[in-house]
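Values in this document were obtained by computation on a predicted structure and should not be read as measured data. Letters A, B, ... are given to chains in the order of the sequence lines, protein chains preceding strands, and every chain is numbered from 1.
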Amino acid sequence: MNHLFFRQDTVELARKLLGCLLIHRTPDGVAGGMIVETEAYVGAIDKACHAYRNRSERTEIMYHDGGYAYVYFIYGMHYCFNVVTGPEGEGNAVLIRALEPVIGLDLMRKRRRMNQLRNLCSGPGKVCQALDITKNEYGLDLCNADSPLRLIQYRYIPDAKIGASPRINVAYAGEAAAWPWRFYVKDNPYVSIIGS
DNA sequence: GCGGAGATTTCC
DNA sequence: GAAATCTCCGCG
């Protein structure tokens, strides 16, 4: 995947990223999984987006060309991983909310102190803990074949298998709170909220 | 400087 | 249902 791919419309990309593999290589080994749940955030119009009228040191990477990693720290204890999308200057990103574990299962189990496969990567904070993604990964180029953090085409998810819903925990965002910009693979047991 | 709130997870 | 826990931002 190259930067051209990530320059597409952000909501469209949130759908297309389902079925891709996210892989992180560290000195401990390689870990990764298939993306099964995403959320789109669009800076120009979306009150829930960190880059909504808020260009700062923290959000700076969101304004770059698509295909870079945006990682932020939340609630004093968790990291969340996003893919920057769209052309330069817009402030868009797709939050990766859940993976189906594929590579490095034992490494992820160890990092999560958890054996149950369904609880390894079923939430944005869990994904970062299982893959050891922290602020050190902020700004990494996801398109570079030599990068330790990469996105790779893996499975094609047909439209009929894609569900949509409002995004999670953005009630404060006014009318944007109701926009159906969360996407997930239907009937996949590794999404963060079962039954939706 | 200070205070509040947050794209979460976990356990009671 | 609430605690844990910290960084950033806005206010003044």
- Item | Interatomic distance, A:Ile61 CD1 vs C:dC8 C1' [rounded to whole Å] | 18 Å
- Task: Provide the Watson-Crick or G-U wobble partner of C:dT5, both distances under 3.5 Å; none if there is no partner.
- Result: none
- Query: What class does the angle between the rings of A:Tyr138 and A:Tyr70 fall in, given that below 30° is parallel, 30 to 60° is tilted and above 60° is perpendicular?
  - Reply: perpendicular
- Give the ring-plane orientation class for A:Tyr68 versus A:His64, where under 30° counts as parallel, over 60° as perpendicular and anything between as tilted. perpendicular
- Mind calculating the distance between CE (A:Met114) and C1' (B:dC11) to the nearest angstrom? 12 Å
- Taking the side chain of A:Lys126 as its heavy atoms from C-beta onward, which of B:dA7, B:dT9, C:dT7 lies nearest to it? B:dT9
- Item | Gap between atoms CE and P, on A:Met77 and B:dG6 respectively (whole Å) | 15 Å
- For the pair made of CD1 in A:Ile96 and C1' in B:dA7, what is the distance, rounded to whole Å? 12 Å
- Between B:dA5 atom C1' and A:Tyr72 atom OH, what is the distance in whole Å? 14 Å
- Report yes if the ring of A:Tyr75 lies under 5.5 Å from the six-membered base ring of C:dA4 with planes under 30°, and no otherwise. no
- Message: What is the distance, to the nearest angstrom, from the CZ atom on A:Phe81 to the P atom on B:dA7?
- Response: 18 Å
- Task: Have a look at A:Gly125 and say if it touches a base, only the backbone sugar-phosphate, or nothing, with a 4.0 Å heavy-atom cut-off.
- Result: sugar-phosphate
- Message: By the definition side-chain contact (heavy atoms from CB on, under 4.5 Å), identify the one residue from A:Ile35, A:Thr10, A:Asn82, A:Val42 that meets it with A:Val94.
- Response: A:Thr10
- Message: Using a 4.0 Å heavy-atom cut-off, does A:Arg112 contact any base of the nucleic acid, only the sugar-phosphate backbone, or nothing at all?
- Response: sugar-phosphate
- Message: Any strand counts, and the cut-off is 3.5 Å on both contacts for Watson-Crick or G-U wobble. Which nucleotide pairs with B:dA7?
- Response: none
- Message: Looking at B:dT8, I'd like to know if its phosphate oxygens (OP1 or OP2) sit under 4.0 Å from a side-chain N or O belonging to A:Asn169.
- Response: yes
- Task: Return the value, rounded to whole Å, for the distance between atom OH of A:Tyr79 and atom P of B:dT9.
- Result: 15 Å
- Closest to side chain of A:Cys49, choosing from B:dA7, B:dT10, C:dG10: B:dA7
- Query: Between A:Gln129 and A:Arg111, do the side chains contain an N or O donor and an N or O acceptor separated by less than 3.5 Å?
  - Reply: no
- Item | Separation of atom CD1 in A:Ile193 from atom P in B:dT8, rounded to whole Å | 9 Å
- Message: Check for me, please, whether A:Leu4 and A:Val83 land in the same ILVMFWY cluster - side-chain distances under 4.5 Å, paths through other members count.
- Response: no
